[in-house]
Amino acid sequence: MQKGKKAAWFGLAVLLVVAGIAGIRAADRQEPGVRADASVVSGEPWRASFTAELSEDAVESGALKVTDKDGNPADGTMRLSGGLLEVDGLKPGRYLLHVSGAAFGKRAQGGGETVSFTVREGIAPVSSLEELEEHFRLIAEHQKREIEQERGEVSIETSATSEDSAAGPDGGAGHSVTNNQVSGIDEGDIVKTDGDFLYATTEGALVKIYDIRNEGKPELIATVKGEDSFQPLELYLSGNLLAVVGHQYQATGGVIGGPAEIVPADSSAVGVRLYNVENPANPTLAREYGNEGWHVSSRLNGNILYLVSSMTPIYRIMEQEGDVRPYQYDSARLDTVGPMDTDSITILPGPAGDSYTLITAIDLGGGADASIKTEGFVGSGGGVYMSQENLYLASAEHHADLFAHEETTGRPPESYTKLFKYALDGTKVTFTATGEVRGTPLNQFSMDEYDGHFRIAVTDGNMWDERRPSESAVYVLDSELKETGSVTGLAKGERIYSARFMGERAYVVTFRETDPLFAIDLADPAAPAVLGELKIPGFSNYLHPIGDRYLIGFGQETVTVKGEGPEPQILTAGMKISLFDVSDRASPKEVDVEVIGGRGTYSELQYDHKALFEHQEGGLYGFPVDLYEGTAESEEVRFSGSGAMIYEITPENGIRLQGKFISEDGVDQGYPDYEQRILRIVYAGDTVYTVSPDEVAAYSMDGFRPLGTSSD
């Protein structure tokens, strides 16, 4: 980048900060403004939304008009609905939206403004660095204008979507595997085992490796020390390779190919370190690779590891004169350390064009010589779902009404989810389609692919807003992400707490005062329908299938008590396990219930499905748990122990406690001792292992008798 361009970028960034301060100070002004897409693909409507109600004749009177970059009238069709403008029929090129003060009628207190945007011929990599810089220049202009238009703080609550089929863990391996969403697609976790050795990443060590071949006597045989600059997040095992995925912060050297020179101060890179564990007692670092940015998610399909990360370049531009492209490092190719090639970067349509989503594919079958490819997509992001052939990203967006203040428009906000689909072919990742649904998903289990269709469960609205109360829906989209059918209007005034797709069916749990479990038929993609509904106290945060006739719900029990006002108050009680019989799709039943502990009791499983232990042959399910004693009559809760519990859960016998590994360490201080907390449970052969930061303990599968620990 030339020096003049660098200075211009830095100056623009400073203007953003100044504009932000000015916007805050101008919070009392009612000057209307506009938010718009920076780009759109030819054939799709271009959208702009306004922070105040527009005059009904804004288009007809010429107060709103679109021209080409030279000022000539554009040949397009304009549609206005409240605060949302859509323009169809524009050919590829640069355009300007001209907004005069008259567009807002008597409410306008400011002059007009002009918004520039681009209609792209198709979705393809950028042709030059200059094209990429121009995109971010437009984005920066839009952000600057939005900051100046702020009337006060607007709080946007979105669901992190930090990923169905009725897969569960792949059985028959003789040892535990991670509780994955899709059969055959592995997900990273803090503990992995191949049945002979156990690998764990814990605070204070990058990886600890245990030999578990001598049943009942786990032995710590290696510790890969970490450093403050690298935070491990998850592990993968593939043959003799152990992949450690984590965040690399402002490294200071000492790491092969480390990002010390390419990651700016106070920034981060998403790194993967590949260790050769052919001799687990002596792991060796084979290769390190990373992209500037933050970790979103990852998957392993066969030997191909897919890393999804995000990166927003504006912060580096503000700090120093640099490149708008994400930086990369590779210990095997030190001559390539630096920004991505522009021919690996694609600008996607839509409003979220100020950040990158980076998808890296690593062929672990190549060991230290693994083939690694990264594609950068400007404008997509959010939650991740991956099938055998496709990867989907869901990005929460907001239509015009969110940016229009309710005191001036009388309309509450309206949310939607932008969907991006990528085809996977080994290390080749190709963008194939984009779509949109109203509302936002809860997490990855709100999404699924089946028989060529993509399904997604979402909630729209606010469960506490009587003007537009929340309601949920399930949408079915075709291979081009166009809607084929939907079920809408589910559980008004509630929101989704969990979802599970099982082939031609979906199960959705919503909650506000009771826990409706909806059974939805998706056999006909054009006509999905609710078949049955079950209402019970409490709610399930995670649904796990047993075959295709039963579901286990893990969540919270609730109780209703008298509130201070006329409305009753709903309080959580102990952790709840429910066994649902869904064999009769029109009439799901809760056939057994177990409530653990009192108010305050919870398990990591309730927000991380990978914390579930499953032994399919024995019908055993376990999880870490922190126990508390508390009642609905008192706001006080008391910590009573931490550890893990294992239940037999079968259609024949219901829910029966089999193993209880609870320690009272920390009771006197009132909270768990982190170093002693059980983080995961795994099995190998006839032995069950509990994994804590400090040790691994072994128990017999038959009766769960203590056999020994790694510290013995």
Mind checking whether [X] and [Y] have ring centres under 6.0 Å apart?
X: Phe661; Y: Tyr699; result: yes
X: Tyr392; Y: Phe454; result: yes
X: Phe445; Y: His609; result: yes
X: Tyr671; Y: Phe639; result: no

Checklist entry - Are more than 12 heavy atoms from other residues, nucleotides or ligands located less than 6.0 Å from atom CD of Glu617? => result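 No.
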Checklist entry - Got more than 12 heavy atoms from elsewhere within 6.0 Å of CD, Gln388? => result yes
Item to check | side chain to side chain contact (heavy atoms under 4.5 Å, CB included) partner of Phe623, the single match among Glu604, Gln606, Met575 | outcome: Met575
Checklist entry - Where do Tyr507 and Leu551 land on the side chain to side chain contact (heavy atoms under 4.5 Å, CB included) test, with the steps shown first? => result CA-CA 9 Å; Tyr507 297 94; Leu551 274 175; 3.6 Å; yes
Decide yes or no for [X] and [Y]: does some side-chain heavy atom of the first lie under 4.5 Å from some side-chain heavy atom of the second?
X: Leu391; Y: Val308; value: yes
X: Phe613; Y: Leu620; value: yes
X: Thr484; Y: Lys482; value: no
X: Glu648; Y: Asn653; value: yes
X: Met386; Y: Tyr306; value: yes
X: Lys660; Y: Met645; value: yes
X: Ile359; Y: Leu307; value: no
X: Thr434; Y: Lys421; value: no

Just by modelled atom types, is the [Y] backbone N or O under 3.5 Å from a matching donor or acceptor in the [X] side chain?
X: Thr690; Y: Ile681; answer: no
X: Thr510; Y: Arg495; answer: no
X: Thr558; Y: Gly538; answer: yes

How far apart are the closest heavy atoms of [X] and [Y], and which atoms are they?
X: Glu234; Y: His295; result: OE2-NE2, 3.2 Å
X: Tyr542; Y: Arg500; result: OH-NH1, 3.1 Å
X: Met447; Y: Gln181; result: O-NE2, 3.3 Å
X: Pro537; Y: Lys576; result: O-NZ, 2.6 Å
X: Val458; Y: Gly439; result: CB-C, 3.9 Å
X: Pro651; Y: Leu579; result: CA-CD2, 4.4 Å

Kindly compute the distance separating [atom1] ([X]) from [atom2] ([Y]), expressed to the nearest 0.5 Å.
X: Ile190; Y: Leu235; atom1: CD1; atom2: CG; answer: 8.5 Å
X: Glu483; Y: Tyr475; atom1: CD; atom2: OH; answer: 6.5 Å
X: Phe554; Y: Ser603; atom1: CZ; atom2: OG; answer: 8.5 Å
X: Ile655; Y: Ile552; atom1: CD1; atom2: CD1; answer: 7.5 Å
X: Asp665; Y: Asp673; atom1: CG; atom2: CG; answer: 6.0 Å
X: Leu348; Y: Thr357; atom1: CG; atom2: OG1; answer: 8.0 Å

[X] side chain to [Y] side chain, donor-acceptor N/O pair below 3.5 angstrom:
X: Ser355; Y: Ser310; value: no
X: Asn541; Y: Gln556; value: no
X: Tyr689; Y: Arg680; value: no
X: Ser578; Y: Glu590; value: yes
X: Ser642; Y: Asp626; value: yes
X: Asn390; Y: Glu449; value: yes
X: Thr178; Y: Asn180; value: no
X: Thr601; Y: Arg599; value: no
X: Tyr385; Y: Asn443; value: no

Next on the checklist: Arg549: which residues meet the side-chain contact (heavy atoms from CB on, under 4.5 Å) condition with it, sequence neighbours left out?
Outcome noted: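 Result, side-chain contact (heavy atoms from CB on, under 4.5 Å) vs Arg549: Ser583.
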Checklist entry - Can you name the residues that form a side-chain contact (heavy atoms from CB on, under 4.5 Å) with Glu471, not counting sequence neighbours? => result Lys492
Next on the checklist: Would Val474 and Ser486 count as a side chain to side chain contact (heavy atoms under 4.5 Å, CB included) here? Give the steps.
Outcome noted: CA-CA 6 Å; Val474 174; Ser486 65; over 6 Å; no
Next on the checklist: Both conditions, 6.0 Å and 45 degrees, for the charged tip of Lys192 above the ring of Tyr236: are they met here?
Outcome noted: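 Yes, cation above the ring, under 6.0 Å and within 45°.
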Checklist entry - Taking the six-membered ring of Phe501, is the NZ or CZ of Arg505 close enough (under 6.0 Å from the centre) and on axis enough (within 45°)? => result no
Next on the checklist: Would you call the rings of Phe511 and Phe539 parallel, tilted or perpendicular, taking 30° and 60° as the class edges?
Outcome noted: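 Aromatic pair Phe511/Phe539 classed tilted.
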Checklist entry - Which of these, Tyr647, Phe704, Tyr621, Tyr683, sits in a ring pair (Phe, Tyr, Trp, His ring centres under 6.0 Å) with His615? => result Tyr683
Item to check | Trace of the side chain to side chain contact (heavy atoms under 4.5 Å, CB included) decision for Leu534 with Phe580 | outcome: CA-CA 10 Å; Leu534 171 67; Phe580 299 105; 3.8 Å; yes
Item to check | Glu44/Lys418 salt bridge by N-O under 4.0 Å criterion | outcome: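 The answer is no: the pair does not qualify as a salt bridge.
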Item to check | Pair Arg438 + Asp460: basic N to acidic O under 4.0 Å | outcome: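 Judged by the 4.0 Å cut-off on N to carboxylate O distance, Arg438 and Asp460 do form a salt bridge.
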Next on the checklist: Before you tell me yes or no, could you show the steps for Glu557 and Val593 under side chain to side chain contact (heavy atoms under 4.5 Å, CB included), namely the whole-Å CA-CA distance, both residues' side-chain angles and the distance that decides it to 0.1 Å?
Outcome noted: CA-CA 10 Å; Glu557 176 70 310; Val593 175; 5.5 Å; no
